[in-house]
Amino acid sequence: MIRAHLDAVTALLTASLPASCTVHAGEVSGVDEAAQPAPATPYVVVRTDPGRMTSDRLAQWSSRLDMRLYVTAVGATQRETLWAAERCRSALLDARPVVAGCICSPLRMGDASPVTVDRDVTPHLHVAVDVWDLTSLPTQGV
């Protein structure tokens, strides 16, 4: 259930961003620093927490999923990073991810970080993280 929600948000971003801006779920896949260079910038990485399961009714079953998604925009410059963050926000703000068997709330922006420079990589990369809140309920009663 957690992975399906991550996949749905990743699909929203992939459909909205140009092909030159790749979207990675969880981590930048396929990068082995010794064998392969980092992907071309800008790119986006989507991560999630495992969420919290609660009940929205007076029942003993917890079927409501509240989760946070972390969308990291990465660029070679601050302007490139801000461009990617703007495109991600346009794609996600108030969007409802489609997950089979669930009804999702519109995505809400919960927090954001300033653009920072990652000096642990060469060349240095600029990074900004937006935090998104998502609530999901099953379409069928428990």
Side-chain angles (χ1 to χ4, degrees), residues 1-57 59 61-142:
M1 186 162 156
I2 299 164
R3 291 171 294 157
H5 289 78
L6 176 62
D7 291 345
V9 172
T10 301
L12 283 171
L13 288 168
T14 300
S16 298
L17 294 170
S20 61
C21 184
T22 56
V23 179
H24 304 272
E27 62 185 358
V28 179
S29 57
V31 174
D32 176 3
E33 290 181 18
Q36 292 180 330
T41 59
Y43 61 90
V44 175
V45 182
V46 184
R47 298 174 294 120
T48 186
D49 66 12
R52 294 171 313 283
M53 297 295 297
T54 60
S55 176
D56 64 337
R57 302 177 184 178
W61 300 280
S62 296
S63 57
R64 174 184 166 146
L65 174 64
D66 291 300
M67 62 191 311
R68 299 194 104 188
L69 295 126
Y70 303 84
V71 177
T72 304
V74 180
T77 64
Q78 178 174 329
R79 288 186 61 80
E80 198 174 64
T81 301
L82 292 173
W83 174 88
E86 289 170 1
R87 297 295 297 255
C88 290
R89 288 178 180 187
S90 293
L92 297 180
L93 189 61
D94 299 323
R96 287 181 182 263
V98 176
V99 178
C102 297
I103 184 159
C104 295
S105 68
L107 285 161
R108 300 286 183 235
M109 198 170 161
D111 204 357
S113 73
V115 176
T116 58
V117 179
D118 182 352
R119 297 186 189 287
D120 292 334
V121 296
T122 303
H124 301 326
L125 294 173
H126 293 73
V127 178
V129 181
D130 285 344
V131 182
W132 296 88
D133 296 317
L134 176 65
T135 298
S136 177
L137 295 165
T139 54
Q140 301 294 319
V142 178

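A 4.5 Å side-chain heavy-atom check between P42 and R87 finds every atom pair outside the cut-off. In this structure, the side chains of V44 and V71 come closer than 4.5 Å at one or more pairs of heavy atoms. By the 4.5 Å heavy-atom criterion applied to side chains, V45 and V28 are counted as neighbours. A heavy-atom distance below 4.5 Å is not found between the side chains of V9 and H5. Side-chain contact between T41 and L125 is present, with heavy atoms from C-beta onward closer than 4.5 Å.
Considering all non-hydrogen atoms of both residues, M1 and S63 come closest at CE-O, 4.4 Å. Across A85 and D130, no two heavy atoms sit closer than the pair O-OD2, 4.4 Å. Scanning both residues, V115 and A128, for their nearest heavy atoms gives CG2-CB, 3.9 Å. In plain terms, the two heavy atoms of G51 and L65 that are nearest each other are CA-CD1, 4.0 Å. When every heavy atom of A91 is checked against every heavy atom of L13, the shortest pair comes out as CB-CD2, 4.1 Å. Smallest separation of non-hydrogen atoms from H24 and E27: CB-O, 3.2 Å.
Remark: the backbone N or O of Y43 is not paired with any side-chain donor or acceptor of T22 at under 3.5 angstrom. Panel note: side chain H126, backbone T81; no donor-acceptor pair is recorded below 3.5 Å.
Listed by chain and residue number, D133 satisfy the salt bridge (Lys or Arg N to Asp or Glu O under 4.0 Å) test with R68 (two or more places apart in sequence, or in another chain). Taking the side chain to side chain donor-acceptor pair (under 3.5 Å) definition, one finds that T72 meets it with nothing, sequence neighbours left out. For R119, the side-chain contact (heavy atoms from CB on, under 4.5 Å) criterion is met by V117, H124, not counting sequence neighbours. Applying the side chain to side chain donor-acceptor pair (under 3.5 Å) test to R79 and every residue at least two apart in sequence or in another chain returns nothing.
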Next on the checklist: The test is side-chain contact (heavy atoms from CB on, under 4.5 Å); show your working for L92 and W132 and say whether it passes.
Outcome noted: CA-CA 9 Å; L92 297 180; W132 296 88; 3.8 Å; yes
Item to check | Evaluation steps, side-chain contact (heavy atoms from CB on, under 4.5 Å), between L69 and L6 | outcome: CA-CA 8 Å; L69 295 126; L6 176 62; 4.2 Å; yes
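If you take CG on L134 and CZ on R96, they are separated by 10.0 Å, rounding to the nearest 0.5 Å. Atom OG of S113 and atom OH of Y70 lie 11.5 Å apart (nearest 0.5 Å).
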Side-chain donor/acceptor pairs under 3.5 Å, residues 98-111, sequence neighbours excluded:
from: S105; atom 1: OG; to: T135; atom 2: N; distance (Å): 3.0
from: S105; atom 1: OG; to: T135; atom 2: O; distance (Å): 3.3
from: R108; atom 1: NH1; to: D94; atom 2: OD1; distance (Å): 2.2

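Under the salt bridge (charged side-chain N to carboxylate O under 4.0 Å, His left out) criterion, no residue pair touches residues 42-51, with sequence neighbours excluded.
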